[in-house]
Amino acid sequence: MINHAAIEARWQKAWADAKVFEVEPNEKPALLVTAAMPYLDMPQHVGHLRTYGTADAYARYMRMRGYNVLYPMAFHATGTPVIAIAKRVGTGDPDILDTLKLFGVPDEEVKKMVEPVYITKYFENEMRRGMVAAGYGIDWRCSFTSIDPLFSKMVEWQFMRLHDLGFLATGAHPVGWCTNEGNAVGQHDTHGDVQPKIEKLVAIKFKDSGSGVFFPCLTYRPETVYGVTNIFINESAKYVVAEIAGSTCYLSEASAKALAEQTSVRVISAIQTSELLKKKAINPLTKEEVPVLPGFFVKEDTGTGVVMSVPAHAPFDYAALMRLKISGHALPEMQYRRVLRIEGRPDDEALFENVRTIGHAEAIRIGDSTTEADLELATKAVYSEEARRGVMLVGKYAGSREPEAREAIAKDLIDAGQAFRVYALANEEQVICRCGTKVIVKVVTDQWFINYGDEKWKASVKKHLLRMKLLPKNTVNLYAATVDWIDERAAERAQGLGTRFPFNPEHIIESLSDSTIYMCFYTFAHTLRTYGVKPEQLKPEFFNYVVEGSGSVSATAAATGIDASVLKKCKDSFDYWYTFTSRHSATDLIPNHLTMYVFNHVALMKEEHWPKQIVANALVNYEGEKMSKSLGNIVPLIEGVRKYGADSMRMVEIAGAELGSVTNFSVEAMNGVDERSEFLYRTVADIPSLQAGALGHIDYWLYSRLNTKIKAATASMDELRFRAAYDDIFYGSVLELRHYFARGGANAVVVNDYMRAITIMLAPVMPHFAEELWHMLGASGLVVQEQWPAADEAMINSEAEEFEDMLDAIVSDISTAKEMTSRMEANKGKSIRRIAVIVAADWKSAAQNAFVELRDIGRVMAMRELADVDRETLSKALAQFAKKGRELTRTRAGTASSTRPALDEARQYIAGQLSLGPGVQIAVELETESRSARAGRAMPGKPSIDIQWG
RNA sequence: GCAGGGGUGGCGGAGCUUGGCCAAACGCGCAAGGCUUAGGACCUUGUGCCUUAGGGCUGCGAGAGUUCAAAUCUCUCCCCCUGCACCA
């Protein structure tokens with residue numbers, strides 16, 4: 001058994017001692033590999049290995065390809081999560097205590113986690129340990145955290161530059177909001193980590209014909225205003241008269257309070273619902289007068305507490321009217337006016353009939369089987385059908401499709417002052433802040449944004465994306481779509497760790513926005529530290545000079561007080577490493593971080609320093625299931641390494657699937673890797689017991705396979721197709737070695753050469769195991785510093801490879817034939833006496849190649865070289881070639897005289913593969929000499945088989 | 001809803017960019033044989049359907065089209081996954 005732990009420890013120490021990952025600019029081409037810095041709120045779990053391991057394997061590969069590779073690591077601490085943990089630990093929230101326990105954080109450490117900075121320190125150490133254990137070749141000298149004062153100076157500079165360039169803007173913006181804490185609420189601030197979804201609605205103002213006060217009817221579907229029959233309010237709620245954004249309205253008291261967070265609201269007086277129910281209101285578009293009625297489903301705390309009723313298109317509205325009718329309420333003359341039709345559905349009347357049927361059924365509760373849940377379902381069905389195929393029947397937009405009409409009518413009404421925007425949470429369940437308060441929507445004013453909507457900025461990003469290498473290739477569309485869609489993005493926040501926002505020091509810079517150009521900081525972080533540069537010396541001039549490339553050394557030295565030689569060193573390092581960068585992250589960051597990364601580089605740096613390559617990987621499942629805290633299937637990285645070994649996990653996660661597909665972390669897969677590792681390990685260990693001597697066919701075959709493999713694997717690796725590459729390098733080598741040994745291969749030099757190359761190629765993904773094999777092979781130095789093998793075309797021998805393929809085809813053919821003939825009546829009670837393998841005559845290969853060339857039976861027949869062949873036999877063979885058509889290619893099988901001895905040698909192998917007893921004779925015959933009736937069937941590369949029973 | 005990705009054997013998953021050599025790599029599972037006191041592990045073969053000899057038929061979400069030829073190109077429809085922002 002391979003002792004993973006011992007091997008890992010030995011080689012991790014060897015790498016550290018040799019400082020192989022501590023690199024400085026040199027004459028080699030540069031490559032800076034960066035993976036998204038991990039957030040310091042949890043230890044790493046096995047899933048993280050996918051991204052960081054992929055980046056590491058790529059870095060190791062490129063190093064072997066002759067690049068000077070820097071793979072650094074930083075840590076993200078900005079924002080609210082760390083503070084949230086401190087708070088939750090402080091209040092003894094059992095949820096967080098369980099989670100920390102799941103991650104193996106000792107109790108005495110948990111106690112100290114009431115202090116945010118302590119949390120970041122703890123997890124930083126934890127993560128470093130995990131990353132070393134997983135075998136990442138990181139240059140730790142360049143590390144920093146996003147709350148490092150030196151780093152903060154760069155973020156400040158970044159935002160001042162964005163401001164100079166006109167990319168910062170202020171404005172109003174709706175956010176999820178907790179009135180208790182007075183803070184914006186994101187996903188991790190809510191119970192059950194629910195993302196508050198904000199949607200835009202519109203409130204259409206129906207004027208009370210008596211008082212002139214408005215009923216602001218909240219709706220998702222302003223286009224149905226043409227079909228309104230009445231207005232609904234909640235009879236049992238409290239209503240008020242209030243001034244909203246300049247107009248006087250009736251609305252529920254709860255709504256008035258909530259709306260005050262979105263716009264100016266001044267409550268004037270209370271009003272009884274009985275008063276409201278006496279009123280009539282005028283539809284602003286149709287000018288019709290409609291009554292106000294009680295609606296059972298109207299929620300007082302959503303929107304305005306006033307809705308318009310469109311029974312033809314809304315099951316709830318119809319049901320409410322039916323309920324009123326049943327309870328004997330006086331109803332207006334109902335109009336059920338349809339405002340749109342369903343295109344391509346001649347029976348669309350049926351759909352509207354259904355609306356009524358369901359509404360009616362709910363109202364009278366037929367057998368209690370039709371409920372409000374059915375109304376919800378019906379509503380959804382109607383909305384989606386009408387949105388997809390609805391065409392307006394009435395009004396200004398008659399003939400338009402529903403989605404366009406909806407937008408256009410909303411805009412017209414708002415522009416005309418007949419409606420206003422209302423934001424609401426779209427979540428089906430109520431969203432509750434961790435503090436217990438219900439989350440509402442607030443429109444934040446004077447909010448600073450980064451204006452990613454800037455057209456010129458977008459255009460240059462789009463243009464640059466076309467020049468970048470974006471992997472996997474099918475992510476290109478997602479980047480393009482993101483650039484099209486991305487708009488203003490909040491740049492500041494009231495709470496959390498981080499850098500103060502320069503234009504509003506009360507706030508901190510939003511935490512995704514402060515990590516868009518941080519990779520450049522790696523290139524000079526350790527220089528700043530080595531020379532003791534102080535944060536206050538990192539004036540804008542420093543970054544102008546080093547990162548932006550403007551200004552002179554002397555002027556920068558004068559402005560900052562930093563020694564000119566240090567400045568020069570920083571700039572040279574940045575210029576060197578930024579010639580070729582590869583950014584690694586998970587696919588889900590494409591629509592935000594990765595796209596913003598491109599935007600910010602394009603805005604702030606010289607074109608030669610813009611991003612060159614982004615690699616986005618999919619995530620990892622655990623035994624087929626998503627990893628999640630709730631499923632309790634999260635394995636901490638360090639625990640995984642201890643249990644399965646770093647290399648096996650790396651092989652499974654990095655090379656278990658192509659970049660864009662989910663890899664499955666399973667014990668079974670891990671065992672599969674272990675078995676093969678053992679096999680390779682034994683193979684290397686057994687080399688001394690093999691022979692030396694002249695090379696035979698099977699030796700040339702193995703060399704050929706090796707070089708074919710190197711060629712294919714190199715091409716795959718260049719595209720980061722790890723799965724394809726390691727199918728060949730790892731899994732394929734095991735199959736080939738087995739075949740080699742089964743065919744009697746036993747040459748120590750050949751196996752040694754083969755395993756040397758395989759070992760080098762294993763190193764990017766299985767670095768510890770590769771070092772161990774390298775050492776066992778008696779090689780000097782570290783494999784991590786070796787050159788990636790180059791394929792030797794001269795060693796690729798397609799004839800030898802084809803021969804082995806033919807051999808397996810023969811085995812398979814005999815096996816089928818054996819099965820078939822055993823069922824023949826004539827062979828009952830007999831056993832196989834002899835198997836003849838009959839090799840095609842040489843003229844057949846000549847004829848085949850001639851036919852492939854000429855594609856003309858007559859011309860081949862006339863060839864002088866084939867003049868000796870019996871006319872009928874030749875024409876039959878040619879007819880067979882013709883039948884194969886385009887599939888037929890030149891045969892590369894050797895001549896009969898060379899194939900025959902090779903097959904002779906392979907007889908034992910064939911017998912072994914078929915588990916034939918010693919009593920069965922295998923004979924290799926030439927077509928020209930064979931007495932078998934089946935001899936004529938032999939074709940180039942496909943000998944005829946004759947099984948003789950007796 | 002909007003956007004992006006995807007639907008291939010019992011399963012995971014190749015192949016689809018450059019249509020034909022694809023019943024479909026590789027692996028798992030399953031079956032038979034070998035080995036073994038037995039089991040496990042390991043090795044070999046088989047694993048869509050039909051077939052008394054290497055052949056034939058059907059097949060790649062559904063339907064239609066282009067083509068001599070389609071898993072691969074085009075269109076329509078159905079289904080699944082992911083993201084939708086102030087949050088890392």
Quiz prompt | A/Glu736 bridged to A/Lys709 by N-O distance under 4.0 Å | solution = yes

Self-check item: Residues A/Asp946, A/Arg937: salt bridge by 4.0 Å N-O rule
Solution: no

Rounded to the Å, how far apart are [X] [atom1] and [N] [atom2]?
{"X": "A/Asn664", "N": "B/rC28", "atom1": "CG", "atom2": "P", "value": "14 Å"}
{"X": "A/Leu470", "N": "B/rG4", "atom1": "CG", "atom2": "C1'", "value": "14 Å"}
{"X": "A/Leu659", "N": "B/rG13", "atom1": "CG", "atom2": "C1'", "value": "16 Å"}

Quiz prompt | Side-chain donor-acceptor pair present, A/Thr708, A/Glu801, cut-off under 3.5 Å | solution = yes

Exercise. Would you kindly say whether A/Thr51 and A/Asn617 are connected by a side-chain donor-acceptor distance under 3.5 Å?
Key: yes

Self-check item: A/Tyr909 or A/Asn477, whichever maps to the more 5' nucleotide of RNA chain B
Solution: A/Asn477

Quiz prompt | Closest-nucleotide ordering on RNA chain B, the 5'-leading residue of A/Tyr731 and A/Ile945 | solution = A/Tyr731

[atom1] atoms of [N] and [M], separation to the nearest Å:
{"N": "B/rG54", "M": "B/rG33", "atom1": "C1'", "result": "22 Å"}
{"N": "B/rG29", "M": "B/rG20", "atom1": "C1'", "result": "33 Å"}
{"N": "B/rA41", "M": "B/rC35", "atom1": "C1'", "result": "11 Å"}
{"N": "B/rG10", "M": "B/rA62", "atom1": "P", "result": "14 Å"}
{"N": "B/rC22", "M": "B/rC80", "atom1": "P", "result": "35 Å"}
{"N": "B/rC50", "M": "B/rA23", "atom1": "C1'", "result": "14 Å"}
{"N": "B/rA24", "M": "B/rC2", "atom1": "P", "result": "42 Å"}
{"N": "B/rC28", "M": "B/rU82", "atom1": "P", "result": "29 Å"}

For [X], which contact category applies under a 4.0 Å heavy-atom criterion: base, sugar-phosphate, or nothing?
{"X": "A/Gly672", "result": "nothing"}
{"X": "A/Lys626", "result": "sugar-phosphate"}
{"X": "A/Glu510", "result": "base"}
{"X": "A/Asp727", "result": "base"}
{"X": "A/Glu488", "result": "base"}

Is there a donor and acceptor pair, one atom on the side chain of [X] and one on the base of [N], closer than 3.5 Å?
{"X": "A/Arg723", "N": "B/rG13", "result": "no"}
{"X": "A/Arg406", "N": "B/rG1", "result": "no"}
{"X": "A/Thr475", "N": "B/rG5", "result": "no"}
{"X": "A/Asp813", "N": "B/rA53", "result": "no"}

Checking base pairs now: Watson-Crick or wobble, both atom distances under 3.5 Å. What partners [N]?
{"N": "B/rG29", "answer": "B/rU47"}
{"N": "B/rG59", "answer": "none"}
{"N": "B/rG1", "answer": "B/rC84"}

Quiz item: Hey, does the Lys NZ or Arg CZ of A/Arg738 hover above the aromatic six-ring of A/Phe679, less than 6.0 Å from the centre and inside 45° of the axis?
Solution: yes

Quiz item: Can you check B/rG55 for me, syn or anti if syn means within 90° of 0?
Solution: anti

Quiz prompt | A/Lys473, A/Arg723, A/Arg721 screened by salt bridge (Lys or Arg N to Asp or Glu O under 4.0 Å) with A/Glu658, the one that passes | solution = A/Arg721

